Amino acid sequence: MKHFLDIADWSSADLWDMLNIARVLKEQYKTKGANKPLLKGKALGMIFQKPSLRTRVSFEMAMQHVGGHALYLSPQEIGLGKRESIADVARVLGSYVHIIMARTFEHEHVLELAQWSPVPVINGLTDYNH
């Protein structure tokens, strides 16, 4: 299992592979109107401390295009690090979904989610990077 927390954590070859897969999927969707259901039965939990039109829509549509489901969790629903500890959110959410994307104010929150999560975590935006 590998998290996507910082682009520097990945080799150039890995990043090119990801971009090429994205290009193929985008072209497939454009020409055929659909993608293969590569993530059928898989769920993405999306934690948002900061609202965002583009981040939310792009992740939700990407999951839909490949047969998966995205679950939006607003700041009020979780209270990340306040009402619910980050470790508890990571463990509980990770027991229900297959991957977690987090858009947070503090980079430390994403790092802590990754530390405790049983599933991969994607950095959707932090104060450190995007």
Side-chain angles (χ1 to χ4, degrees):
M1 175 177 81
K2 189 163 181 181
H3 304 289
F4 199 110
L5 307 177
D6 186 337
I7 199 167
D9 295 339
W10 297 81
S11 71
S12 293
D14 288 336
L15 294 169
W16 278 113
D17 286 345
M18 287 181 231
L19 288 170
N20 284 325
I21 290 167
R23 182 186 51 77
V24 167
L25 288 171
K26 187 173 185 176
E27 184 63 30
Q28 182 184 68
Y29 188 80
K30 268 175 82 172
T31 59
K32 297 182 180 174
N35 292 107
K36 293 178 184 174
L38 302 171
L39 296 181
K40 183 178 181 178
K42 304 293 183 189
L44 166 71
M46 301 186 304
I47 298 171
F48 280 84
Q49 284 184 322
K50 296 178 179 184
S52 170
L53 170 69
R54 284 173 287 282
T55 301
R56 180 177 177 181
V57 171
S58 64
F59 274 93
E60 284 192 21
M61 293 309 299
M63 286 299 288
Q64 183 177 330
H65 286 187
V66 292
H69 177 75
L71 175 65
Y72 172 79
L73 300 160
S74 71
Q76 297 79 19
E77 291 171 302
I78 295 181
L80 189 66
K82 295 181 177 110
R83 193 172 57 80
E84 301 275 352
S85 75
I86 295 171
D88 195 44
V89 169
R91 287 189 295 256
V92 171
L93 186 57
S95 71
Y96 290 106
V97 301
H98 300 92
I99 191 164
I100 296 170
M101 184 281 297
R103 183 178 170 89
T104 66
F105 289 103
E106 297 178 42
H107 189 67
E108 286 300 316
H109 288 177
V110 171
L111 296 177
E112 192 172 344
L113 279 167
Q115 176 186 349
W116 295 103
S117 176
V119 299
V121 173
I122 297 172
N123 177 355
L125 173 78
T126 68
D127 58 351
Y128 174 66
N129 65 20
H130 186 28

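It should be emphasised that the depicted structure is a prediction, and the values quoted were computed from it without experimental measurement. Every heavy atom of this structure was used, including side-chain atoms; hydrogens, water molecules and symmetry mates were not.
- Atom CH2 of W116 has 12 or fewer neighbouring heavy atoms from other residues, nucleotides or ligands inside a 6.0 Å radius.
- At least one side-chain heavy atom of L38 sits less than 4.5 Å from a side-chain heavy atom of L25.
- Atom CG of L15 has more than 12 neighbouring heavy atoms from other residues, nucleotides or ligands inside a 6.0 Å radius.
- Every side chain to side chain contact (heavy atoms under 4.5 Å, CB included) that L125 has, sequence neighbours left out, goes to K50, R103, H130.
- Screening residues 73-83 for salt bridge (charged side-chain N to carboxylate O under 4.0 Å, His left out) gives no qualifying pairs among residues at least two apart or on separate chains.
- Within the structure, salt bridge (charged side-chain N to carboxylate O under 4.0 Å, His left out) pairs that include any residue of residues 25-37 do not occur (at least two apart or interchain).
- When hydrophobic side chains of Ile, Leu, Val, Met, Phe, Trp and Tyr are connected at separations under 4.5 Å, V97 ends up clustered with L5, I47, L71, L73, I78, L80, I86, V89, V92, L93, Y96, I100, V110, L111, L113, V119, V121.
- Under the side chain to side chain donor-acceptor pair (under 3.5 Å) criterion, Y128 pairs with D6, sequence neighbours left out.
- Nearest heavy atoms, P118 versus A90: CD-O, 3.5 Å.
- Within the 4.5 Å cutoff, the side chain of M101 has heavy atoms near those of the L44 side chain.
- A donor-acceptor distance shorter than 3.5 angstrom exists from the side chain of K2 to the backbone of D9, with no hydrogens or angles considered.
- For E60, the side chain to side chain donor-acceptor pair (under 3.5 Å) partners at least two apart in sequence or on another chain are R56.
- Residues Q49 and P75 approach most closely at O-CG, 3.5 Å, considering heavy atoms.
- Judged purely by atom type and a 3.5 angstrom limit, H69 has no side-chain atom pairing as donor or acceptor with the backbone of A43.
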task: Determine, stepwise, if the pair H109 / T126 fulfils side-chain contact (heavy atoms from CB on, under 4.5 Å).
output: CA-CA 9 Å; H109 288 177; T126 68; over 6 Å; no
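- Following chains of ILVMFWY side-chain contacts shorter than 4.5 Å, one can reach W10 starting from I7, so the two form part of one hydrophobic cluster.
- Every pair tested for salt bridge (charged side-chain N to carboxylate O under 4.0 Å, His left out) that includes a residue from residues 110-130 fails, sequence neighbours excluded, so the list is empty.
- Checked against side chain to side chain donor-acceptor pair (under 3.5 Å), T31 has no partners two or more places apart in sequence or in another chain.
- Qualifying ring-ring contact (aromatic ring centres under 6.0 Å, His included) partners for F48, counting only residues two or more places apart in sequence or in other chains: Y72.
- Residues satisfying the side chain to side chain contact (heavy atoms under 4.5 Å, CB included) test with V24, not counting sequence neighbours, are none.
- Applying the side chain to side chain donor-acceptor pair (under 3.5 Å) rule to H65 yields the partners Y29; only residues at least two apart in sequence or on another chain are considered.
- Cluster partners of W16, by chain and number: L19. The rule joins Ile, Leu, Val, Met, Phe, Trp and Tyr whenever side-chain heavy atoms lie under 4.5 Å apart.
- A heavy-atom distance below 4.5 Å is not found between the side chains of V66 and K42.
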